[in-house]
Chemist: 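Just passing along the structure, written as structure tokens.
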Amino acid sequence: MKKFIRDLNKYYKYGIYSAKSELKSEIANSHLSWLWWILDPLLFMLVYTFISAIVFSTREEFFPVFVFIGLSAWTFFEKTVKQSVRLVSSNSAIVSKVYIPKYILVFVKMYVNGFKMLISFSIVVIMMVIYRVPVSYKLIYIIPLFFVLFLITFGFSTIMLHFGVFVEDLSNVINVVLRLMFYLSGVFYAIGNKNIPEPIRTLLLKLNPVAFVMDQLRNCMIYPYKSTQDFYTLGLWFLLGTLLSVIGVRTIYKYENSYVKVI
């Protein structure tokens, strides 16, 4: 733990600088520049809203806001985990010449995707005003929810970073798993829907951290007077996220010297 804190304090400026460089490079050759950070989630929200509300006749209250919350949280988790699989090989020029703790590369991706998620949730707030969504003191609950989402994402990503060095086909497997998780996470439907059998509904919410965070974010942001917060499950995912992060960081410290030989 002392080594982790010492290295984090030493290299966090590199992570921030690298994240800023990546964000700038994304829009360098784009005519719309930073507007894509707003348009991209908006367009996806419109597509899923159309498919769910028009094609499948979904009748969820404040549905565009409902979809946007789920899509914003899911995109952060999916992109960070997916990108982490090939982080070492894609940064081979840096890894092979300069020492940095490899989990710092995960933080770079979390900074980039977290910044985009911040923009998305800023739009969510604007949409809440437009749709006159009732606001409650429960809105403060988003702070521990985001913290657990970051912790879970970091834990999974560090483990994927390690195995991604040694397992060539891991990225293909992760793509399939993440696609399955997407449909099981309730991005564009409510897992609490009565049409879903109770055992399956409980399993989806208890065993899928992203589904749980989405559901709780919606409960405190757009349905504060119709739902409650599950602090017990949040605490369990906090403990599991901490455990995954510890395992991931310890594994990276143990094997990171051999990464250069493999890539």
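Numbers here are sequence positions counted from 1. Predicted, not measured: the structure shown is a model, and the values here were computed from it.
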Chemist: Taking the inter-plane angle between the rings of Phe150 and Phe146 on a 0 to 90° scale, is it parallel (under 30°), tilted (30 to 60°) or perpendicular (over 60°)?
Modeler: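 It falls in the parallel class, under 30°.
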
Chemist: Measure the acute angle between the ring planes of Tyr11 and Tyr99, then classify it against the limits of 30° and 60° as parallel, tilted or perpendicular.
Modeler: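 Tyr11 vs Tyr99 ring planes: perpendicular.
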
Chemist: Just wondering, do Met117 and Trp74 contact through their side chains at under 4.5 Å, heavy atoms?
Modeler: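 Not in contact.
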
Chemist: Kindly compute the distance separating OH (Tyr189) from CZ (Phe66), expressed to the nearest 0.5 Å.
Modeler: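 One gets 9.5 Å once the value is rounded to the nearest 0.5 Å.
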
Chemist: Hey, could you give me the CD/OG distance between Glu78 and Ser185, rounded to the nearest 0.5 Å?
Modeler: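 Nearest 0.5 Å value for the CD-OG distance: 9.5 Å.
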
Chemist: Are any of the side-chain heavy atoms of Leu151 and Thr242 separated by less than 4.5 Å?
Modeler: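 Leu151 vs Thr242: side chains touch.
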
Chemist: Heavy atoms, side chains only, cut-off 4.5 Å: are Phe62 and Phe68 in contact?
Modeler: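 SC-SC contact between Phe62 and Phe68 ruled out.
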
Chemist: Between Thr158 and Gly155, is there a donor-acceptor pair closer than 3.5 Å when you use the side chain of the first and the backbone of the second?
Modeler: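 Yes.
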
Chemist: Tell me every residue that passes side-chain contact (heavy atoms from CB on, under 4.5 Å) with Lys10, counting only those two or more places apart in sequence or in another chain.
Modeler: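 Listed in chain order: nothing, the list is empty.
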
Chemist: Is the count of non-hydrogen atoms from other residues, nucleotides or ligands lying under 6.0 Å from Tyr255 atom OH greater than 12?
Modeler: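 No - once you tally the heavy atoms of other residues, nucleotides and ligands closer than 6.0 Å, there are 12 at most.
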
Chemist: If only atom types and distance count, is the side chain of Lys102 paired as donor or acceptor with the main-chain N or O of Ile100 below 3.5 Å?
Modeler: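 Looks like yes, one N/O pair under 3.5 Å.
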
Chemist: Any sub-3.5 Å donor-acceptor pair from Asn91's side-chain atoms to Leu87's backbone N or O?
Modeler: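 Flag set: sc Asn91 to bb Leu87 pair under 3.5 Å.
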
Chemist: Looking at side-chain heavy atoms only, is the closest gap between Val165 and Ser258 below 4.5 Å?
Modeler: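 Side-chain contact under 4.5 Å: no.
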
Chemist: Are there over 12 heavy-atom neighbours, none belonging to Tyr17, within less than 6.0 Å of that residue's OH?
Modeler: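 No, because the 6.0 Å sphere around OH of Tyr17 holds 12 heavy atoms or fewer from other groups.
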
Chemist: Going through the distances and angles, do Tyr141 and Met221 end up as a side chain to side chain contact (heavy atoms under 4.5 Å, CB included)?
Modeler: CA-CA 9 Å; Tyr141 186 46; Met221 294 184 74; over 6 Å; no

Chemist: For residues Phe156 and Val108: do they belong to one hydrophobic cluster (side chain heavy atoms under 4.5 Å, members Ile, Leu, Val, Met, Phe, Trp, Tyr)?
Modeler: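 Cluster IDs for Phe156 and Val108 differ.
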
Chemist: Quick one: do Ile69 and Phe121 satisfy side chain to side chain contact (heavy atoms under 4.5 Å, CB included)? Show the steps, please.
Modeler: CA-CA 7 Å; Ile69 291 174; Phe121 271 95; 4.2 Å; yes

Chemist: Would a single hydrophobic cluster contain both Val133 and Tyr225, if residues Ile, Leu, Val, Met, Phe, Trp and Tyr are joined by side-chain heavy-atom contacts under 4.5 Å?
Modeler: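 Result: no, two separate clusters.
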
Chemist: Name the atoms and distances for all side-chain donor-acceptor pairs under 3.5 Å in residues 230-238, with sequence neighbours left out.
Modeler:
{"unit_1": "Asp230", "atom_1": "OD1", "unit_2": "Tyr232", "atom_2": "N", "d": "3.4"}
{"unit_1": "Asp230", "atom_1": "OD1", "unit_2": "Thr233", "atom_2": "N", "d": "3.1"}
{"unit_1": "Asp230", "atom_1": "OD1", "unit_2": "Thr233", "atom_2": "OG1", "d": "3.2"}
{"unit_1": "Asp230", "atom_1": "OD2", "unit_2": "Lys206", "atom_2": "NZ", "d": "2.7"}
{"unit_1": "Asp230", "atom_1": "OD2", "unit_2": "Thr233", "atom_2": "OG1", "d": "2.6"}
{"unit_1": "Thr233", "atom_1": "OG1", "unit_2": "Lys206", "atom_2": "NZ", "d": "2.9"}
{"unit_1": "Trp237", "atom_1": "NE1", "unit_2": "Lys206", "atom_2": "O", "d": "3.2"}

Chemist: Check whether Leu118 and Ile16 end up in the same hydrophobic cluster, where Ile, Leu, Val, Met, Phe, Trp and Tyr are linked by side-chain heavy atoms less than 4.5 Å apart.
Modeler: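 No, Leu118 does not connect to Ile16 through the hydrophobic network.
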
Chemist: Taking side chain as C-beta onward, heavy atoms only, is Leu239 less than 4.5 Å from Leu243?
Modeler: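 They are not in contact (no side-chain heavy atoms under 4.5 Å apart), so the answer is no.
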
Chemist: Using only atom types and a distance under 3.5 Å, with no angle test, would you say the side chain of Ser136 pairs donor to acceptor with the backbone of Lys138?
Modeler: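 Pair found, side chain donor or acceptor close to backbone of Lys138.
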
Chemist: Would you say Leu217 ends up clustered with Val129 if hydrophobic residues are merged whenever their side chains have heavy atoms under 4.5 Å apart, either directly or through other cluster members?
Modeler: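 Different hydrophobic clusters.
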
Chemist: Validate the cation-pi geometry between Lys3 and Tyr253: distance from NZ or CZ to the six-membered ring centre under 6.0 Å, angle to the ring axis within 45°.
Modeler: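 Yes.
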
Chemist: Should the ring pair Phe4 and Tyr103 be called parallel, tilted or perpendicular, given that the plane angle runs from 0 to 90° and is split at 30 and 60?
Modeler: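 Tilted: the ring planes of Phe4 and Tyr103 meet at 30° to 60°.
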
Chemist: Hey, does the side chain of Asn175 reach the backbone of Ser171 with a donor-acceptor pair shorter than 3.5 angstrom?
Modeler: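 Present.
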
Chemist: Which residue pairs pass the side chain to side chain donor-acceptor pair (under 3.5 Å) test when at least one of the two sits in residues 107-127, sequence neighbours left out?
Modeler: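 Counting only pairs at least two positions apart or across chains, the side chain to side chain donor-acceptor pair (under 3.5 Å) contacts touching residues 107-127 are Glu22-Lys109, Glu26-Lys116, Thr80-Asn113, Gln83-Asn113.
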
Chemist: More than 12 foreign heavy atoms under 6.0 Å from OH of Tyr137: is that the case here?
Modeler: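 Atom OH in Tyr137 is not crowded, with 12 or fewer foreign heavy atoms closer than 6.0 Å.
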
Chemist: Establish whether Tyr183 and Phe63 are linked, either directly or via other cluster members, by ILVMFWY side-chain heavy-atom contacts under 4.5 Å.
Modeler: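 Per the 4.5 Å side-chain linkage, Tyr183 and Phe63 are co-clustered.
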
Chemist: Under a 3.5 Å distance rule, please check whether Ser89 uses its side chain to pair with a backbone N or O of Arg86 as donor and acceptor.
Modeler: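 Flag set: sc Ser89 to bb Arg86 pair under 3.5 Å.
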
Chemist: Go through Leu8 and Ile104 one step at a time and tell me if the side chain to side chain contact (heavy atoms under 4.5 Å, CB included) criterion holds.
Modeler: CA-CA 8 Å; Leu8 191 61; Ile104 294 295; 4.2 Å; yes

Chemist: Where do Val213 and Ile152 land on the side chain to side chain contact (heavy atoms under 4.5 Å, CB included) test, with the steps shown first?
Modeler: CA-CA 10 Å; Val213 170; Ile152 288 290; over 6 Å; no

Chemist: Kindly indicate whether the side chain of Ile252, heavy atoms from C-beta on, has any atom under 4.5 Å from the side chain of Tyr259.
Modeler: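 Contact flag for Ile252/Tyr259 side chains = yes.
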
Chemist: Between Pro224 and Cys220, what is the shortest heavy-atom contact and its length?
Modeler: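 For Pro224 versus Cys220, the nearest heavy atoms are CB-O, 4.0 Å.
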
Chemist: Do Arg218's NZ or CZ and the ring of Tyr223 fall within the cation-pi criteria of under 6.0 Å and 45°?
Modeler: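 No cation-pi geometry.
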
